[in-house]
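What follows is a single structure, written as structure tokens, with notes after it.
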Amino acid sequence: MDRMTKQEINIRRLLRISEAMAKNDISTNWKLEKYTETLDDMIEKLNDSAFKLPKDTIGEYVKRVDFLKNIIGTSKLKDAVEKVVATQMVSTGIYSTDEYHGSNIMTQIHQKTSSKYNQELRSELFKPTGKKDQELSDSTVDTDDTSAVLKYNSKMHENIANNILLMTRSMREHATIASGIIRRDIRTLENSNKLTEGNHLNLKSESLKLGEHTKSNWRCWVWIMVAFVLIVFFNMILFMKVARKKT
């Protein structure tokens with residue numbers, strides 16, 4: 001296993017603390033939201049640092065933080081039906097590389113949160129209606145309760161359908177935006193590749209020209225040296241003949 005940096009160790013430590021808080025009552029842990037904001041900053045700094053982690057590891061940290069954010073956002077909803085629907089939409093399918101604190105904690109958080117909000121919805125459906133129920137007969141109470149439950153169930157199903165439509169629309173918009181960003185990045189990458197290939201061809205052409213120029217200069221100097229040697233040689237011969245006639 002590769003040696004972890006101090007930044008990654010701090011991220012894992014804070015993730016464990018945050019997930020332990022989320023496993024308990026979220027409404028009392030006001031620090032949890034601050035911890036998730038801190039984790040976002042730490043992950044961003046780690047991603048921008050010189051020490052590059054694998055994309056799968058960074059993606060795991062981001063998904064675990066997003067999971068905590070979704071749990072926090074669900075706890076802030078007012079309606080019990082919306083809480084149940086939002087909890088069902090939260091994904092826990094995250095593979096964790098943390099051998100000491102695996103993805104099992106997220107499943108436990110999800111199950112505990114879902115059970116809590118289902119209990120809240122059940123209590124809200126069957127809570128007593130007050131003085132009006134006491135004035136009615138037992139048969140009337142049973143009929144009214146059944147009617148109220150049916151109406152509430154109908155309203156709950158309608159709210160669930162509306163929430164699913166809104167979430168589907170939001171996911172579609174996010175997918176469209178993401179695909180646009182990906183296409184733009186692909187075009188940028190293609191342009192960069194074309195520019196790199198053009199620069200490589202230009203560099204190769206200039207290298208060939210420089211090589212030819214160097215060879216031509218070398219040949220020129222060789223011919224100059226040969227001509228100089230011949231001139232010196234003929235001058236020596238003439239000098240020797242002149243000197244011999246004088247003697």
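As a basis for the values below, the full set of heavy atoms in this structure was taken, side chains included, without hydrogen atoms, waters or symmetry mates.
In summary, Glu60 and Arg64 engage in a salt bridge, as defined by a charged side-chain N under 4.0 Å from a carboxylate O. Taking a cutoff of 4.0 Å between a charged side-chain nitrogen and a carboxylate oxygen, Glu82 and Lys76 do not qualify as a salt bridge.
Annotation: the span from Leu189 atom CG to Lys194 atom NZ amounts to 11.5 Å, rounded to 0.5 Å. The structure places CD1 of Ile109 at 13.5 Å from OG of Ser114, a figure rounded to the nearest 0.5 Å. Interatomic distance, Thr36 OG1 to Asp41 CG, rounded to the nearest 0.5 Å: 10.0 Å. Once rounded to the nearest 0.5 Å, the distance linking CG of Asn10 with CG of Leu46 reads 10.0 Å. Between the CD1 atom of Ile11 and the CG atom of Asp40 there is a distance of 10.0 Å, given to the nearest 0.5 Å. Rounded to the nearest 0.5 angstrom, Thr176 OG1 and Ile181 CD1 are separated by 11.0 Å.
When atom types are taken as modelled, the side chain of Ser75 and the backbone of Ile72 share a donor-acceptor pair closer than 3.5 angstrom. Counting only distance, with no hydrogens or angles, the side chain of Ser205 and the backbone of Leu201 share no donor-acceptor pair below 3.5 Å.
Of all heavy-atom pairs between Val84 and Asn118, the closest is CG1-OD1, 3.4 Å.
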Does the salt bridge (charged side-chain N to carboxylate O under 4.0 Å, His left out) test come out yes or no for Glu8 and Arg13, once each step is laid out?
CA-CA 9 Å; Glu8 188 178 3; Arg13 186 177 300 164; over 6 Å; no
side-chain contact (heavy atoms from CB on, under 4.5 Å) between Ile186 and Ile182, intermediate numbers included
CA-CA 6 Å; Ile186 290 174; Ile182 292 172; 3.9 Å; yes
Before you tell me yes or no, could you show the steps for Leu39 and Ser18 under side-chain contact (heavy atoms from CB on, under 4.5 Å), namely the whole-Å CA-CA distance, both residues' side-chain angles and the distance that decides it to 0.1 Å?
CA-CA 10 Å; Leu39 282 167; Ser18 301; 4.0 Å; yes
For Met106 and Leu68, what are the C-alpha separation, side-chain angles and deciding distance, and is it a side-chain contact (heavy atoms from CB on, under 4.5 Å)?
CA-CA 9 Å; Met106 286 172 285; Leu68 293 175; over 6 Å; no
Run the numbers on Tyr117 and Thr74 for side-chain contact (heavy atoms from CB on, under 4.5 Å), then give the verdict.
CA-CA 10 Å; Tyr117 295 149; Thr74 302; 3.5 Å; yes
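Linking ILVMFWY residues whenever their side-chain heavy atoms come closer than 4.5 Å, directly or via other members, leaves Phe239 and Phe233 in distinct clusters. Cluster annotation: Leu77 and Leu32 are assigned to distinct hydrophobic clusters (Ile/Leu/Val/Met/Phe/Trp/Tyr, side-chain heavy-atom contacts under 4.5 Å, transitive). There is no path of hydrophobic side-chain contacts, each under 4.5 Å, that joins Phe234 to Phe228. In the hydrophobic clustering of ILVMFWY residues, with side-chain heavy atoms under 4.5 Å counting as a link, Phe67 and Met171 come out apart. Cluster annotation: Met236 is not connected to Val226 through the hydrophobic network of ILVMFWY side chains, with a link wherever side-chain heavy atoms come within less than 4.5 Å.
A side chain to side chain contact (heavy atoms under 4.5 Å, CB included) with Leu195 holds for exactly one of Asn199, Asn193, Asn191; it is Asn199.
Between the side chains of Lys45 and Gln7, no donor-acceptor pair of N or O atoms lies under 3.5 Å.
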